[in-house]
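Since the structure comes first, as structure tokens, the remarks are kept for the end.
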There are 2 protein chains.
Amino acid sequence: MGASAAENGRAAAGEAEFLAAYDPREFPPVAVTVDIVLLTLRHGLLSVLLIRRRDHPYQGYWALPGGFADPDEDLEQAAQRELLEETGLSTFPGHLEQLRTYGRPERDPRMRVISVAYLGMVPGITRPEAGSDAAVARLWPVEDVLSDDEQVRPQLAFDHATIIEDGLERVRSKLEYTSLATAFVEEPFTIADLRRVYETVWGVELDYGNFRRKVLNTDGFVEPTGDTAPTGRGYADLYRAGRTTLLQPAMLRPDSRGR
Amino acid sequence: MGASAAENGRAAAGEAEFLAAYDPREFPPVAVTVDIVLLTLRHGLLSVLLIRRRDHPYQGYWALPGGFADPDEDLEQAAQRELLEETGLSTFPGHLEQLRTYGRPERDPRMRVISVAYLGMVPGITRPEAGSDAAVARLWPVEDVLSDDEQVRPQLAFDHATIIEDGLERVRSKLEYTSLATAFVEEPFTIADLRRVYETVWGVELDYGNFRRKVLNTDGFVEPTGDTAPTGRGYADLYRAGRTTLLQPAMLRPDSRGR
DNA sequence: GTAATAGTGTCTGTGAGACATTATGGC
DNA sequence: GCCATAATGTCTCACAGACACTATTAC
């Protein structure tokens, strides 16, 4: 694509340089990794997938799943590949998006490492135990991971605590203005299932009636399957995700009412 | 920091490896650059700073300001440094935030280049002409940059059209729920100045009375200086930015009303 | 029967959109 | 005088929060 002629004929000279590769000595040495904040609902708790490190530095510490991006691989592909490798799943069943890039010079003691973080959400079916190594991959409740209590909090490698915090903030705010909550539940789901997602991620209680009215009045958010499912006592209508991704108007988070 | 002992004594062996650097042959060769989408209001148009490329590839094409991140430099620092170098300014007068990272394997024909894009907003005082090279740095109205008309649209290098589009979408949505609009005007400013920011960035007309009520009722958005300024006909009250960065409730974009 | 949950409706307050009105100063 | 703009107020509708009520089923 760059081979098409440059505009207004000003780029006449030096066409031969075009295919010249960078001289590695010309630019600073750096490694690029991807890390994934994979969130799911497990036992009614919002949980994040962590891997226990085998190697130095931070040996024995808990880290986000991730690794180097291969040379011919898109970053999102790399994130997905690493995730499948470390969970043992064969296809990625949820939503994956880029979160943010972390590049503090001292974040890895060995050399300059730039990490492109991704954020993933999957229904609560993830079983890292089924994957490669049951002893090293685990789902941690985020309230424990970010707890002030050193007894319950895992030791996190690198700047992964910051990355997890940023991921959480992203998820919490995206529940407000997108239909992302549906990525946390398997289809078909009930209104109550969806409410549970909001309540768990936001850490609040929501009025069932108002929640239901809001979801059903926002068209494209969910669509009824026509079926119902027994729910212990009584039956509940079943839904699947609609085609709308942006909620209009947004779902309001109770916290944010009082500023 | 990584030097503190790993938890539960499980990390006993191999402490010597800790300081070992990566072997460069172990990880894929890659370069990391930062690119900046610098937006400002110029002659009533939302405009973006572009640099005309001197070298191949894309010689003569227009590109976002940017360059390699130095080894000991934070990514945001690198973005700010590049921006100052290419505009000739001595301090950065506005808001700068990370936008997104672009890493498609083919985005640079020479080698794998990962670009961490930043988004900057400055009041309409930027004069790239005062900077290093008047012939190569220019502010382009974004409506021209992203126009379908090949006569008015500059030829953009790499995937910079995508980056600019993403930056625009970010700015437009952040005007809704943050007080970011104040980054586009110099203090003190009038309510009408602020309204002009919204109208220009969103490309809509807003009712002055409703806009004023909204801004003044959202406490912390702006605070009155007590002064007034002549505005051609009559005088207008002057304000400066308040301490609130998150608008609660959000400013509604007229487009989005009808879905 | 009671308890728990799904589904539904009602009342009220907040806030946004669509105006109208008044004041000020340049022309 | 006219006109543009700043500042302010009014009316109405949409919608969220609070809460009441009914139906269904497990126990």
Side-chain angles (χ1 to χ4, degrees), chain A residues 44 175-177 185 188-200 202 204-239 244 246-259, chain B residues 44 175-177 185 188-200 202 204-239 244 246-259:
Chain A
L175 284 202
E176 295 187 58
Y177 62 94
V185 290
F189 51 81
T190 66
I191 297 289
D193 290 335
L194 202 56
R195 181 176 67 137
R196 215 164 293 122
V197 174
Y198 277 90
E199 292 186 329
T200 308
W202 283 350
V204 297
E205 296 205 336
L206 297 175
D207 178 88
Y208 173 83
N210 293 334
F211 180 82
R212 182 177 183 279
R213 178 183 56 191
K214 172 67 187 175
V215 169
L216 297 183
N217 284 352
T218 303
D219 71 40
F221 192 174
V222 299
E223 48 186 38
T225 64
D227 292 332
T228 59
T231 63
R233 299 157 181 71
Y235 288 84
D237 298 343
L238 290 173
Y239 301 85
T244 302
L246 253 53
L247 304 186
Q248 200 61 239
M251 185 80 76
L252 293 186
R253 175 153 41 157
D255 302 341
S256 56
R257 293 302 291 168
R259 176 87 18 92
Chain B
L175 285 201
E176 295 188 57
Y177 61 94
V185 290
F189 50 83
T190 66
I191 296 288
D193 290 335
L194 202 57
R195 181 174 69 135
R196 215 163 292 123
V197 174
Y198 277 89
E199 292 187 329
T200 307
W202 283 351
V204 296
E205 294 206 335
L206 298 175
D207 179 89
Y208 173 83
N210 293 335
F211 180 82
R212 182 177 183 277
R213 178 183 56 190
K214 172 66 186 175
V215 169
L216 297 183
N217 283 354
T218 303
D219 72 39
F221 192 175
V222 300
E223 46 187 39
T225 63
D227 292 331
T228 60
T231 63
R233 299 157 182 73
Y235 288 85
D237 297 344
L238 290 172
Y239 300 85
T244 302
L246 253 54
L247 304 185
Q248 200 60 237
M251 185 80 76
L252 294 186
R253 177 156 37 158
D255 302 341
S256 57
R257 290 304 290 168
R259 177 90 18 92

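Residue numbers begin at 1 in each chain, while the letters A, B, ... track the order of the sequences.
- In this structure, CG on B:Leu206 lies 12.5 Å from NZ on B:Lys214, to the nearest 0.5 angstrom.
- The CZ atom of A:Arg195 lies 7.5 Å from the CG atom of A:Asp207; values are rounded to the nearest 0.5 Å.
- Taking atom CG of residue B:Asp219 and atom P of nucleotide C:dG15, one finds them 11 Å apart after rounding to whole Å.
- Residues forming a side chain to side chain contact (heavy atoms under 4.5 Å, CB included) with B:Ala250 (at least two apart in sequence, or on another chain): B:Tyr177.
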Show, in sequence, the C-alpha distance, side-chain angles and deciding distance for A:Val215 and A:Tyr239, and conclude whether the side-chain contact (heavy atoms from CB on, under 4.5 Å) test is met. CA-CA 11 Å; A:Val215 169; A:Tyr239 301 85; over 6 Å; no
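- Checked by atom type and distance alone, the side chain of A:Thr225 pairs as donor or acceptor with a backbone atom of A:Leu238 at under 3.5 Å.
- For the pair B:Asn217 CG and D:dT8 P, the computed distance is 12 Å after rounding to whole Å.
- Between the OH atom of A:Tyr235 and the P atom of C:dG7 there is a distance of 13 Å, given to the nearest Å.
- Separating the OG1 atom in A:Thr190 from the CZ atom in A:Arg196 is a distance of 6.0 Å, to the nearest 0.5 Å.
- The CG atom of A:Leu194 sits 10.5 Å away from the CD atom of A:Glu199 when rounded to the nearest 0.5 Å.
- The distance between atom OH of B:Tyr177 and atom P of C:dA16, rounded to the nearest whole Å, is 18 Å.
- Taking OG1 of B:Thr231 as the start and CG of B:Asp237 as the end, the distance is 10.5 Å to the nearest 0.5 Å.
- Residues from residues 188-195 of chain B lying near DNA chain D, meaning a heavy-atom separation below 4.0 Å, are B:Ala192 in numerical order.
- When the P atom of D:dC15 is taken as reference, atom CG of A:Leu216 falls 14 Å away, rounded to whole Å.
- Of the residues in residues 205-214 of chain B, B:Tyr208, B:Gly209, B:Arg212, B:Arg213 come within less than 4.0 Å of DNA chain D through at least one heavy atom, sorted by number.
- In this structure, of C:dG17, D:dA6, D:dA16, it is C:dG17 that holds the atom nearest to the side chain of B:Leu252.
- Residue A:Asp237 is in sugar-phosphate contact alone, with no base atom involved, counting any heavy-atom pair closer than 4.0 Å across all strands shown.
- Under a 3.5 Å cut-off, the side chain of A:Arg253 and the backbone N or O of A:Glu176 do not form any donor-acceptor pair.
- In this structure, B:Asp227 atom CG and D:dA6 atom P are separated by 17 Å, rounded to whole Å.
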